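Handing you a structure now.
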Amino acid sequence: MDPLKQAVQAYASRNANCDGVAMTPVPGLMMKCVTSPGRNLHAVSRPMICLVLQGAKRMLVGREEQVFSAGQSLILGADLPTVSCVLRANSREPYLAIAIELEMSILRQLAAQLSHERPQAQPRARTLFTEDSEVAALDCASRLTRLIDRPEAIPLLRPGIVQELHYWLLSGQHGAALQSIADPTSYASRLGAALAILRAEYRSRIPVERLAAAAGMSLTAFHRHFKHMTSVTPGQYQKRLRLIEARRLMLEEGYSASSSAFDVGYESVSQFTREYRRLFQEPPKRDALRMRSKSREPNEQVEANRHARLA
């Protein structure tokens with residue numbers, strides 16, 4: 001695993017945002033490098049597998065909490081609000097992880113082919129799992145990482161590697177649960193249509209009747225199953241999407257608090273400020289200043305170390 005850890009640390013240290021997350025040119029592939037334990041990070045995470053290479057992290061999804069550390073993986077099976085926090089990291093041994101987005105279309109296709117081979121009762125509906133990282137999954141992650149330096153190979157090789165990764169997940173410890181999630185008739189799959197609308201149109205007012213129709217449920221059933229799976233109401237889910245995007249606009253695009261508020265669909269800056277502070281524990285301007293200052297610290301330390309080596 002050492003070469004993979006080195007590759008993640010090298011790439012993320014150059015490209016990570018203020019939260020330590022580095023996007024890559026390989027679609028769906030992200031890396032994380034954090035040099036110290038931090039505060040809670042709120043997100044609306046897509047279905048993914050996160051492989052921890054070093055350090056430890058806690059993730060809360062609804063009422064379910066998981067702590068996973070080096071050598072373990074976390075699998076998230078739906079678009080869900082998450083609260084995560086790095087628990088173990090330092091400058092010598094930072095928290096290192098790779099996240100790869102899962103594609104429901106691939107899961108459904110493979111699950112349909114595998115289901116006749118492993119008939120069994122449907123497991124209790126779950127969307128958050130931890131397991132020891134399989135060698136096969138780590139190998140897929142390593143091969144995807146190598147594509148970063150070979151951009152011309154990404155469209156040719158990535159699809160096969162991603163499909164192989166989904167196969168290993170479906171063949172693994174939580175394969176039956178993932179098959180259930182991928183089942184088009186499952187509540188998770190049906191709610192996925194409503195979640196897709198909320199993600200695409202989070203700036204707009206969306207009638208809950210439209211969301212229920214997309215999920216093929218009555219209003220009562222939709223509210224009940226939505227809250228059970230996500231732990232929030234549709235309105236709260238949309239609010240979370242707006243606030244997280246507003247924070248990204250301030251930190252990464254340089255927007256002011258008022259500009260970001262209006263851009264994500266708020267009509268009142270005071271309401272935006274209240275709700276932002278409730279979620280992130282600080283008013284937007286102070287939070288943005290603190291995170292920008294924090295994001296400069298690793299770069300300044302790297303530069304200081306470089307000069308020390310040259311001295």
Side-chain angles (χ1 to χ4, degrees), residues 39-48 58-66 74-85 101-102 104 123-129 177 180-250 257 260-284 287:
R39 303 195 312 171
N40 287 339
L41 176 64
H42 294 264
V44 178
S45 300
R46 294 187 179 279
M48 66 172 181
R58 179 181 64 241
M59 180 173 282
L60 179 68
V61 178
R63 290 172 291 277
E64 188 171 2
E65 181 177 305
Q66 296 281 1
L74 179 139
I75 303 170
L76 190 64
D79 291 53
L80 296 173
T82 62
V83 184
S84 60
C85 179
E101 288 186 9
L102 302 182
M104 286 296 120
R124 181 176 66 87
R126 290 180 59 206
T127 51
L128 179 66
F129 318 94
S180 179
I181 291 171
D183 182 352
T185 65
S186 70
Y187 289 122
S189 186
R190 292 163 63 187
L191 286 169
L195 295 176
I197 292 173
L198 284 166
R199 272 196 175 274
E201 304 178 31
Y202 65 88
R203 294 178 174 87
S204 307
R205 294 180 183 273
I206 305 173
V208 70
E209 292 82 2
R210 180 185 170 198
L211 298 174
M217 300 179 189
S218 67
L219 276 176
T220 301
F222 175 74
H223 278 292
R224 182 173 70 252
H225 291 297
F226 192 99
K227 183 71 177 289
H228 177 76
M229 189 173 85
T230 68
S231 79
V232 295
T233 66
Q236 291 168 334
Y237 188 97
Q238 184 179 35
K239 183 190 300 182
R240 188 77 58 90
L241 287 170
R242 287 180 172 181
L243 292 171
I244 289 168
E245 174 61 9
R247 186 173 187 265
R248 187 196 70 80
L249 290 173
M250 288 189 295
S260 64
F262 293 131
D263 189 86
V264 301
Y266 276 90
E267 298 176 357
S268 164
V269 175
S270 60
Q271 181 186 1
F272 166 73
T273 301
R274 285 195 305 273
E275 294 180 353
Y276 188 102
R277 183 168 192 164
R278 191 175 300 128
L279 182 63
F280 297 114
Q281 308 303 310
E282 283 185 323
D287 182 44

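Values in this document were obtained by computation on a predicted structure and should not be read as measured data.
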Are Leu76 and Arg46 packed together at the side-chain level, in the sense that at least one heavy-atom pair is separated by less than 4.5 angstrom?
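A side-chain contact under 4.5 Å is absent here.
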Looking only at heavy atoms, the pair that brings Ile181 and Gly77 closest together is CG2-O, 3.4 Å
Nearest non-hydrogen partners of Pro184 and Ser189, listed with the distance:
CA-OG, 3.5 Å
Worked check of side-chain contact (heavy atoms from CB on, under 4.5 Å) between Val269 and Phe262
CA-CA 8 Å; Val269 175; Phe262 293 131; 3.6 Å; yes
Where the side chain of Arg190 meets the backbone of Gly216, is there a donor-acceptor pair that is under 3.5 Å apart?
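Checking the backbone N and O of Gly216 against the side chain of Arg190, a donor-acceptor pair under 3.5 Å is found.
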Under the side-chain contact (heavy atoms from CB on, under 4.5 Å) criterion, do Tyr187 and Met217 qualify, and how do the steps go?
CA-CA 9 Å; Tyr187 289 122; Met217 300 179 189; 3.5 Å; yes
Please say which of Glu245, Arg247, Lys239 ends up in a side-chain contact (heavy atoms from CB on, under 4.5 Å) with Val264.
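Single side-chain contact (heavy atoms from CB on, under 4.5 Å) partner of Val264 among Glu245, Arg247, Lys239: Glu245.
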Polar side-chain atom of His42 near backbone of Leu279 as donor-acceptor pair, under 3.5 Å:
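Such a contact is found between His42 side chain and Leu279 backbone.
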To the nearest 0.5 Å, what is the distance between CE on Met48 and OG1 on Thr82?
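If we round to the nearest 0.5 Å, Met48:CE and Thr82:OG1 are 6.5 Å apart.
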Using only atom types and a distance under 3.5 Å, with no angle test, would you say the side chain of Glu64 pairs donor to acceptor with the backbone of Val61?
no
Considering non-hydrogen atoms only, spot the tightest contact between Glu282 and Tyr276 and give its length.
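The answer is O-CD2, 3.3 Å.
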Apply the test side-chain contact (heavy atoms from CB on, under 4.5 Å) to residues Phe226 and Leu198: give CA-CA distance (whole Å), side-chain angles for both, the deciding distance (0.1 Å), then the verdict.
CA-CA 12 Å; Phe226 192 99; Leu198 284 166; 3.9 Å; yes
If I compare all heavy atoms of Ser204 with all of Gln238, which pair ends up nearest, and what's the gap?
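Nearest heavy atoms, Ser204 then Gln238: O-NE2, 2.6 Å.
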Nearest atoms (heavy-atom pairs only) where Leu243 meets Glu275
CD1-O, 3.6 Å
Could you give the distance from NE2 (His225) to OG (Ser186), rounded to the nearest 0.5 Å?
11.0 Å
Heavy-atom closest pair, residues Ile75 and Leu102
CG2-CD1, 4.1 Å
In Å, rounded to the nearest 0.5 Å, how long is the span from CG of Leu80 to CG of Leu195?
7.5 Å
Rounded distance [0.5 Å steps], OG in Ser84 versus CG in Leu74
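It is 10.0 Å, given to the nearest 0.5 Å.
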I need the Leu128 CG to Met59 CE distance, nearest 0.5 Å.
7.5 Å
Could you go through the side-chain contact (heavy atoms from CB on, under 4.5 Å) check for Arg58 and Val83 one step at a time?
CA-CA 8 Å; Arg58 179 181 64 241; Val83 184; over 6 Å; no
Looking only at side chains, do Ser268 and Ser270 share a donor and an acceptor under 3.5 Å apart?
yes
CG (Asp79) and CZ (Arg199) are apart, to the nearest 0.5 Å, by 4.5 Å
